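By convention in this document, chain letters (A, B, ...) are assigned in the order of the sequence lines, proteins followed by strands, and residues within each chain are numbered from 1. Note that the structure is a prediction, hence the values are computed from the model and not measured.
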There are 2 protein chains.
Amino acid sequence: MEAPVNLRMTKQRQVILDELRKMHSHPTADEMYRLLRRRLPKISLGTVYRNLEVLSDCGLIQKIEVAGTQKRFDGNASHHYHVRCNRCSRLEDVYVDVDAEMNRKVSRLTEYDIAQHRMEFVGICPTCKAGARRDDFD
Amino acid sequence: MEAPVNLRMTKQRQVILDELRKMHSHPTADEMYRLLRRRLPKISLGTVYRNLEVLSDCGLIQKIEVAGTQKRFDGNASHHYHVRCNRCSRLEDVYVDVDAEMNRKVSRLTEYDIAQHRMEFVGICPTCKAGARRDDFD
DNA sequence: CTACTTGCAAAAAATTTGCTGCTAT
DNA sequence: ATAGCAGCAAATTTTTTGCAAGTAG
């Protein structure tokens, strides 16, 4: 839940960060695990969970806890939002500007000290729009 | 995952909807379960899960899948956002206007058909601000 | 050195599901 | 009547944790 005092850069941590950064998708812990085993055959799922947690606490990656049972992680730590496809669950980045005063406005309204906000758009992706028409996925 | 064809209004479903609507907090399935047992001592957790799912598929309630492992539900189906306290995890409603063109803007950018968006603000609530200063919670 | 980290396995937490009998419509 | 639902319990899925051995700084 919070950044440790002495962060050590272990092999595993390095590889996790590295792979996630070059990934451009938003994998779950389990997807990361399966991917990582190519480079680190002995890595454990627990290590993957622990490191994704630590890395996001440090702000080196982003934890995406939006819509869907599983947490997802994003190697892109810069400020951006996400779009999710309602049909295929694909998750992508969006760069769009939101009223810069928004956080302050909400601070005033709620009396919270607002540190950040997250935003997720939901819709149908181009592929699903084009693909065979179905009202429902199985 | 989607609205059933013939929705039946059972006792359980009615009470779940009823309780959630007068609740003004954003309970998890388990919290609902414990509450509901006062009125329906024999209700099962599975029924609670199934109904919260169905009711949100119908748009009668909202499913909040933001920040935190557990899904939360909101008896207020109208359009609004949420603020979450980083310290005590409290979740509250916010009514704030966002650029009405936002969804269209994102549609253009991403080529998705955008149906909706969600937004969550994160910060420290008034109570936690006032309360004993701690950099960290245990 | 030694505090932090790993792998492993077991546990916990959260959600889903199969089934049989009940009930709204 | 009968399709849909409830309750129950077992199964899955996802995440966390205790512990002994390994390692970065």
Peer 1: Whole Å only: how far is the NZ atom of A/K63 from the P atom of D/dT15?
Peer 2: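 It is 10 Å, rounded to the nearest whole Å.
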Peer 1: Taking CD in A/E111 as the centre, count heavy atoms belonging to other residues, nucleotides or ligands within less than 6.0 Å. Is the count above 12?
Peer 2: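 Not buried by this count: 12 neighbours or fewer within 6.0 Å.
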Peer 1: If the helix axis at each end comes from five base pairs, how far does the helix from C/dC1-D/dG25 to C/dT25-D/dA1 deviate from straight, to 10°?
Peer 2: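 That helix gives 50° between its end axes.
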Peer 1: Assign the ring pair B/F121 / B/Y81 to parallel, tilted or perpendicular, where the plane angle (0 to 90°) is split at 30° and 60°.
Peer 2: perpendicular
Peer 1: Should the side chain of B/R13 and the base of D/dG4 be counted as holding a donor-acceptor pair, with the cut-off at 3.5 Å?
Peer 2: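 No, the side chain and the base share no sub-3.5 Å donor-acceptor pair.
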Peer 1: Report the residue (B/Y49 or A/P41) whose heavy-atom-nearest nucleotide on DNA chain C is the more 5′ of the two.
Peer 2: A/P41
Peer 1: Nearest-Å distance, CG (B/L52) to P (D/dC5)?
Peer 2: 14 Å
Peer 1: Locate the shortest heavy-atom distance separating A/H80 from A/Q62; write the atom from each residue and the value.
Peer 2: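 Heavy-atom minimum between the residues: CE1-OE1, 3.2 Å.
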Peer 1: Is any NZ, NE, NH1 or NH2 atom of the basic residue among A/R104 and A/E101 found under 4.0 Å from an Asp or Glu carboxylate oxygen of the other?
Peer 2: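 Judged by the 4.0 Å cut-off on N to carboxylate O distance, A/R104 and A/E101 do form a salt bridge.
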Peer 1: Polar atom pairs between nucleotides 9-13 of chain C and protein, under 3.5 Å, N or O only, would you list them?
Peer 2:
none

Peer 1: Look at the side chain of A/S107 and the backbone N and O of A/Y112, then say whether any donor-acceptor pair between them is shorter than 3.5 Å.
Peer 2: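 Judged by distance alone, yes, a pair lies under 3.5 Å.
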Peer 1: What is the distance from CD of B/Q14 to P of D/dA6, rounded to the nearest Å?
Peer 2: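 After rounding, the reported distance stands at 12 Å.
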Peer 1: Nearest heavy-atom pair of B/A29 and B/V48: which atoms, and what distance?
Peer 2: O-CG1, 3.6 Å
Peer 1: Can you check the B/L40 CG to D/dG7 P distance for me, whole Å?
Peer 2: 7 Å
Peer 1: Is the A/H82 ring parallel, tilted or perpendicular to the A/H26 ring (thresholds 30°, 60°)?
Peer 2: perpendicular
Peer 1: May I ask you to list the residues of residues 27-39 of chain B, by number, that have any heavy atom positioned under 4.0 Å from an atom of DNA chain C?
Peer 2: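 Hits under 4.0 Å, by residue number: none.
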Peer 1: Which pairs would a plain distance check flag for residues 15-25 of chain B, meaning a side-chain donor or acceptor within less than 3.5 Å of a matching protein atom at least two apart in sequence or in another chain?
Peer 2:
{"unit_1": "B/D18", "atom_1": "OD2", "unit_2": "B/R39", "atom_2": "NH1", "d": "2.8"}
{"unit_1": "B/E19", "atom_1": "OE2", "unit_2": "B/R39", "atom_2": "NH1", "d": "2.7"}

Peer 1: Nearest heavy atom decides the nucleotide; on that basis, is B/K42 or A/L45 closer to the 5' end of DNA chain D?
Peer 2: B/K42
Peer 1: Side-chain N or O of A/Q12 less than 4.0 angstrom from OP1 or OP2 on D/dT23?
Peer 2: no
Peer 1: Using side-chain heavy atoms (C-beta onward) and a distance below 4.5 Å, is A/R50 in contact with A/Q12?
Peer 2: no
Peer 1: Quick one: do A/E92 and A/R84 make a salt bridge, cutoff under 4.0 Å?
Peer 2: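 Looking at A/E92 and A/R84, the cut-off is not met.
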Peer 1: Could you pull out all residues at least two apart from A/D93 that satisfy salt bridge (charged side-chain N to carboxylate O under 4.0 Å, His left out)?
Peer 2: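 A/D93 satisfies salt bridge (charged side-chain N to carboxylate O under 4.0 Å, His left out) with no other residue.
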Peer 1: Along nucleotides 20-25 of chain C, 5' to 3', which nucleotides get a B, which get an S, and which get a -, given that the test is a protein heavy-atom distance under 4.0 Å?
Peer 2: ---BBS
Peer 1: Report yes if the side chains of B/I43 and B/Y33 come closer than 4.5 Å at any heavy-atom pair, otherwise no.
Peer 2: yes
Peer 1: From the options C/dT15, D/dC8, C/dC8, select the nucleotide whose nearest atom is closest to the side chain of B/R50.
Peer 2: D/dC8
Peer 1: For a 4.5 angstrom cut-off between non-hydrogen side-chain atoms, does B/K105 reach B/I114?
Peer 2: no
Peer 1: Determine whether A/R13 and A/L7 make a side-chain contact, defined as any pair of heavy atoms from C-beta on separated by less than 4.5 Å.
Peer 2: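 Yes, side chains in contact.
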